[in-house]
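Below is one structure; the comments refer to it alone.
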Number of protein chains: 2
Amino acid sequence: MTPQTPGAGAQPPHEAAADPVVLPTSRSDRPEAGHGTRLDPWLGSYAERAHGMRASEIRALFAVANRPEVVSLAGGMPYLEGLPLDALAEMTQHVIATRGTTALQYGSGQGDETLREQILEVMRLEGIDAHPDDVVVTTGSQQALDLVTRIFINPGDVIVAEAPSYVGALGVFRAYEADVVHVPLDEHGLIPAALEESLAALTREGRRVKLLYTVPNFHNPAGVTLSAERRPQILEIARRYGVLVLEDNPYGLLGFEGEPLRALRALDDDGVIYLGSFSKTFAPGYRVGWAVAPHAVREKLVLASESAILCPSNASQLAISAYLSTCDWKGQVKAFRELYRERRDAMVSALAEHLPGASWTVPDGGFYTWVKLPEGLDAKAMLPRAVTARVAYVPGTAFYADGQGSDHMRLSFCYPTPDRIREGVRRLAGVVSGESELVSLFGATVAPRRDDVQQPGPDVT
Amino acid sequence: MTPQTPGAGAQPPHEAAADPVVLPTSRSDRPEAGHGTRLDPWLGSYAERAHGMRASEIRALFAVANRPEVVSLAGGMPYLEGLPLDALAEMTQHVIATRGTTALQYGSGQGDETLREQILEVMRLEGIDAHPDDVVVTTGSQQALDLVTRIFINPGDVIVAEAPSYVGALGVFRAYEADVVHVPLDEHGLIPAALEESLAALTREGRRVKLLYTVPNFHNPAGVTLSAERRPQILEIARRYGVLVLEDNPYGLLGFEGEPLRALRALDDDGVIYLGSFSKTFAPGYRVGWAVAPHAVREKLVLASESAILCPSNASQLAISAYLSTCDWKGQVKAFRELYRERRDAMVSALAEHLPGASWTVPDGGFYTWVKLPEGLDAKAMLPRAVTARVAYVPGTAFYADGQGSDHMRLSFCYPTPDRIREGVRRLAGVVSGESELVSLFGATVAPRRDDVQQPGPDVT
């Protein structure tokens, strides 16, 4: 989404047929593309960690991609039109009218106790048995990622993560100067043998591996799910190497078939920090997520959170709490599952119809499919052409810490309607086909590689 | 406030006369007092920066101090009973009903553009002329403190700050392993000659001074205001030494007499990062603050904020925006000024009546007075006795990075009613008088000193 004009997020995208898309023409039009200019009088004052902070080169493209005429298969925005807005409005009115002096006041650094109890109910659906004291409410689970990294990572420490991995987590890890080592996944998720091999090699090299970061369910961006069989294996390996598991699970309840899998945290109380969020199962605009952590870790998280923001918003927490206690939140999750399943179906059938030279994952839940382009194509190099053709995606390089991924793209099916998804894939197919012709005539396109991930902005959630 | 029971913040404190206050008896009752135990399996995994994170010893006392029978002169909670809750409830209802899919969606990392324009109007009252692009909306100004420190401070860098200084800022500075060097203030605020002397000495020592952190208006905790005469002098000195000024101004509009002073940022666009907040002038529960920074610094702040939280809450921002556009916010600020002036008057007249052996500042605005105890008394050592006598304050040591301040305490007059303030000061006088007798009999009390600030929790804002 990146900088939205007010109200823009509220409108379903629509076509403005005659409006041509004009791309930013030069780097100098985009001051945010650089990480400092000769005009910055404070250039010499930044901390080491700030040198890695720069806007990604695709950021300006995404600003264009947010225009209504572009079908964005790039963002991770949930589709909120299905929410009962009038009921939510009444509910919010009631919260302020009856509990206003609490909702508008500072609150506890750890989060509202009633909400923490309700979060236990949510997590029980994935087999997690916890105590309200174990829960820390955060400003979206992104803040939890930040806090966990803050309390564990010294510069140069290693975080092991899937290949590919969530771009927002990679951004946090880079901000704390962690070294990310990617471990392959397949259609059943992270591969235990590959994890073991990586940890053994890192141990031999004397590296300090602090965390295993994983998105076990409906992976962002890969769309795969860690199988039930592999879960205890992954935990056993992590335990053996003394590595804390960071389980990031925003999509776990959004499976299209059957019951949710048991969370890693449900299998191991002491070795896992679990991150949850209401952003995908309800709404991101309140910025309410949470962490469940072993006791001593939880204490540090609370202190770190108080240092970072004093306390999470009571207004947001009480709204979420009222939603959970007065609305049919399980029915809403079910409605989202059906909505996103229909869009997944539209996506994969359109891919089969229009992109026969590519391959892709067929996710059992969540928001994303991971597409491997036909041989020789570079997703990043192709992006400007795609945006000109009024379709946007996230190039695979965004999801690696080491410049891999140029042959992949992430396609999101969460926000556009099925018709728009089909239209977007058709446009994409035109671009791919044009690129393929160029490649067959002139050889592979090459985009400049970077050895670190850049920050594409909050749209790529 | 620290961990609140739901709804507790909504109730004005009242007396439960017969209820004795029982203090936590031993350290082992308070697991949060330590920074890790032998039982923490991850003790060896924490980052260096996490070793400084520990709950303060006074934290458990504050949990007790939140009981209704205790007059808390400790917290920095604004008094919200005066807000027009029904109108705010209607307003919130309208925001969700009419702009729900924006309010509940992800937003821009920099913050809602309309709100950023409205923030310019607020700042214009202090002479600030800025552009909406210069503003970054944050999760309370605490997050802005965190982000500024994150992008500028390497471990060992120096931050110069007033003596005393805001405890929440000191906590952030410690979290990033800055060295805080205190510079004295007097009744006219930070002393220019002392600043010059400190910077000269630090330069001679080869230290890297990155920031001057200052609360120019109605200082927390000192209650003093930087005079108009000194403002350009301070800026000139900072500029000469290449030090960026971090102007933290949550209370600037809450002066009891006359017009707001011109902000430091109004006098210098390039050398100042300005932090503002709606927490004291409206309500902290939405967690909306902001930073205004030089262009290149602002870009880094946005990237750092996206890494930390993706984006601030649209629900909160749209609520604040609606408040500013539909309610008489200037009238509300005026009402707060009158309310707090009356409480300041109650505080200083009670001090004059009951604590003749002490001295204190008489603030022209804001929430706090800074009290110097009679010779030989130690505010931290005395605190358990005070809480037993059903009155709480924050010992002066919380406001120094170096263990100074044991002869001072901060008294807040923002939250309790004038009657309760008088009652609180009377109780305090009883404690002081008892302590003074002990001192005259047995010599000065001594509390254990620490060479770093500990984190007392979000109540000490």
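Below, chains carry the letters A, B, ... as their sequence lines are ordered, and counting in each starts from 1.
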If you tally heavy-atom pairs under 4.5 Å between each of Tyr176(B), Trp42(B), Tyr286(B) and chain A, the highest tally belongs to Trp42(B)
Pair count under 4.5 Å, heavy atoms only, with chain A: among Asp157(B), Val243(B), Leu83(B), Asp86(B), highest is Val243(B)
Measure [X] against the heavy atoms of chain A and call it side chain, backbone, both or neither at under 4.5 Å.
X         : result
Leu318(B) : neither
Val95(B)  : neither
Thr149(B) : backbone
Asn154(B) : both
Arg150(B) : both
Pro312(B) : backbone
Ala103(B) : backbone

Smallest heavy-atom separation, Arg49(A) atom then Ile153(B) atom, equals NH1-O, 2.8 Å
Between Val172(B) and Ser307(A), the two heavy atoms sitting closest are CG2-O, 3.2 Å
When the 4.5 angstrom heavy-atom criterion is applied to Val288(A) and chain B, the contacting part is neither
Answer key: most heavy-atom pairs under 4.5 Å with chain B among Met91(A), His94(A), Arg208(A) is Arg208(A)
Hits for side-chain contact (heavy atoms from CB on, under 4.5 Å) against Ser279(B), two or more places apart or cross-chain, chain-then-number order -> Tyr106(A), Ser277(B), Pro284(B), Arg287(B)
Value for CD (Gln93(B)) from CD1 (Ile96(A)), rounded to nearest 0.5 Å, stands at 12.0 Å
